[in-house]
Amino acid sequence: MLDIRYLRDNLDEAEARIKSRGEGYTLAGFRDLDEKKRKLLYANEALKAEKNRFSDEIAKVKDKSSVQPQIEAMRATSQLIKQQDEELKQLDEELRMFLLTVPNLPGAATPLGRSEADNVEIRRWGTPPTPDFSPKPHWEVGEALRILDFETGAKLTGARFTLYRGAGARLERALANFMLDLHTGEHGYMEMLPPFMVNRDSMTGTGQLPKFEDDLFKMEGMEYFLIPTAEVPITNIHRDEILKGGDLPIRYVAHTPCFRKEAGSYGKDTRGLIRQHQFNKVELVAFSRPDDSCAEMERLLGNAERVLQLLGIHYRVMALCSGDIGFSAAQTYDIEVWLPGQQTFREISSCSNFGDFQARRAGIRFRDGEKGKPEFVHTLNGSGLAVGRTVVAILENYQQADGSVIIPLPLRPYMGGMERITL
RNA sequence: GGAGAGAUGGCCGAGAGGCCGAAGGCGCUCGCCUGCUAAGCGAGUAUAUUGGGAAACCGGUAUCGAGGGUUCGAAUCCCUCUCUCUCCGCCA
């Protein structure tokens, strides 16, 4: 949510910055609505002040019958106030919905651009493997080793669900544990295990609602939603709280399943693990002081990159352009791993700085000392990493000519010492 | 699923139609005092929104779990909902 006072004072600038996301976003109508509401509010509060004054006076009067005519008059005033309250409520709701559907302003560090094609490569790490055979896509590797079973996943549930078997299931678990240990042990994050369903307030706080309800799985007959990412429950931990300035930055890590409808991606990535309705992810979330969020962003990105570096997998970092960043984000870096089986880079992590956009929606503030003014924190998060896609990266990068897959060194303790997955 | 109890400021806790944005305590901040520490004394200590002001600040309104109702007036009375706790049943 944008600052309503910023919008009042800088509407043209805000409009221009929103437009850099692409067409379809406009702030038209805001000014009229806002002024209409404030005008009514002013009249309404004047009436209430009068009512309060009168009520105070009548409390002191012993003989109530002597002020009977005034009481009659106030009864009418009360009715009028009630009517205005009703109108105000509607205007407020209209204004609120408007504000909740306006995306964040792209930050200064975000390159301008229209689409994915305008994203800027920041750096590459490592080198792609150079096998002397033709590497296969992970679904072929996984099926041949009988560690990924897409057919049974479809039988159990449907398309975009997968059954992991044996060493495949173990690999997923090993990766999650490896990442959690790294982030808690070396990067200073506190591990959290949140509910996998959240309510409407939480979804609104991080920006999934009200605009993107179609992307979410919702419980039948209940206002609960399956989380599309741990970002939602973890960021909302501090919803409607005023944190101590000295406690910032706060860093949490959580390993959770993520549930996404993937509406609108029919026919895309239908094979393999890349696009599933359910997948696991280790998510990094940070709450920082506004001045520190840029540095925190780089730190968080580095923490995510570290996972791939330790696993020895080639990747590149992309700065997403204004036309490609998500609704709530001011700035986003994607980490893309090299997938030799598909001869392409694929997103494995997305790290974003939301500025105060989520904090304002969710009411997450901090205060210095005891008498400082509460101020909105900045929120950040990033995958560290998407576990399923890391399995993909390992299968494709560490596959051998004989169809087996070497297990990267740091993972072996988590695999009970296993060095290689064979049939 | 059945029965009951509760929800008040950073925390504890009073209040039972007007004198209540809310006693008292704890905590915290500032000042005083005392070789240090502890104790003591004094003052202060919510949030949002809106109007005025360059600002310091001043005023209005709202907020006692949420929403509705009664009333000139509600933390207080009535209704609905949510959440928490206790007991019983069921259950990983």
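All values below come from the heavy atoms of this structure, side chains included, with hydrogens, waters and symmetry mates left out. The sequence lines fix the lettering, A, B, ..., with proteins before strands; numbering per chain opens at 1.
Here the separation of B:rG21 from B:rC79, taken at their P atoms, is 26 Å to the nearest Å. Taking atom C1' on both B:rA62 and B:rG73, the two are 16 Å apart, rounded to the nearest angstrom. Separation of the C1' atoms belonging to B:rC19 and B:rU37 is 44 Å when rounded to the nearest angstrom. Straight-line distance between the P atoms of B:rC91 and B:rU84: roughly 23 Å, to the nearest whole Å. The separation of B:rC58 from B:rG40, taken at their P atoms, amounts to 32 Å, rounded to a whole angstrom. Remark: the separation of the C1' atoms in B:rC57 and B:rC32 is 28 Å, to the nearest Å. Separation of the C1' atoms belonging to B:rU63 and B:rC20 is 13 Å when rounded to the nearest angstrom. If you take atom C1' in B:rC81 and the same atom in B:rC28, they sit 37 Å apart, rounded to whole Å.
By the 4.5 Å heavy-atom criterion applied to side chains, A:V392 and A:I274 are counted as neighbours. Residues A:R367 and A:K373 have side chains not in contact (no heavy-atom distance under 4.5 Å, counting atoms from C-beta outward).
With distances taken from any side-chain atom of A:A59 to the nucleotides B:rA48, B:rG51, B:rG18, the minimum falls on B:rG18.
A 6.0 Å sphere centred on CZ of A:R146 holds no more than 12 heavy atoms belonging to other residues, nucleotides or ligands. The environment of OH in A:Y224 is sparse: at most 12 heavy-atom neighbours from other residues, nucleotides or ligands sit within 6.0 Å.
Partners of A:R200 according to the side-chain contact (heavy atoms from CB on, under 4.5 Å) rule, which considers only residues two or more places apart in sequence or in another chain, are A:T204, A:L209, A:E213, A:K218, A:E223, A:F225. Scanning for side-chain contact (heavy atoms from CB on, under 4.5 Å) contacts around A:E15 gives A:K19, A:T26, A:L27, with sequence neighbours left out. A:H378 meets the ring-ring contact (aromatic ring centres under 6.0 Å, His included) test with no other residue; sequence neighbours excluded.
Within residues 3-13 of chain A, the residues having any heavy atom closer than 4.0 Å to RNA chain B are, in order of number, A:R5, A:R8.
Aromatic ring pairs are classed by plane angle as parallel below 30°, tilted from 30° to 60° and perpendicular above 60°; the pair A:F217 and A:F259 is perpendicular. In this structure, A:F161 and A:H277 have tilted ring planes: the angle between them lies in the 30° to 60° band.
Map A:D34 and A:A49 each onto its nearest nucleotide of RNA chain B; the residue landing nearer the 5' end is A:D34.
Rounded to whole Å, atom P of B:rG60 lies 12 Å from atom OH of A:Y42. Rounded to whole Å, atom P of B:rU49 lies 18 Å from atom CD of A:E35. A:L41 places its CG atom 13 Å from the P atom of B:rG52, with the value rounded to the nearest Å. Following rounding to the nearest Å, A:D240 (CG) and B:rG9 (C1') show an atom-to-atom distance of 16 Å.
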**Request:** Report, as a single string ordered 5' to 3', how protein heavy atoms within less than 4.0 Å touch nucleotides 62-84 of chain B: B base, S sugar-phosphate only, - not at all.
**Result:** S-----S-S-BS---------S-
**Asked** Which dot-bracket string describes RNA chain B (Watson-Crick N1-N3 plus N6-O4 or O6-N4, or G-U N1-O2 and O6-N3, all under 3.5 Å; [ ] crossing; | other strand)?
**Response** ((((((((.[[[..)..(.....]]]((((((.......))))))(((((((....))))))).[[[[[..)....]]]]])))))))....
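Proximity of A:R367 to the phosphate of B:rU47: a side-chain N or O atom is located under 4.0 Å from OP1 or OP2.
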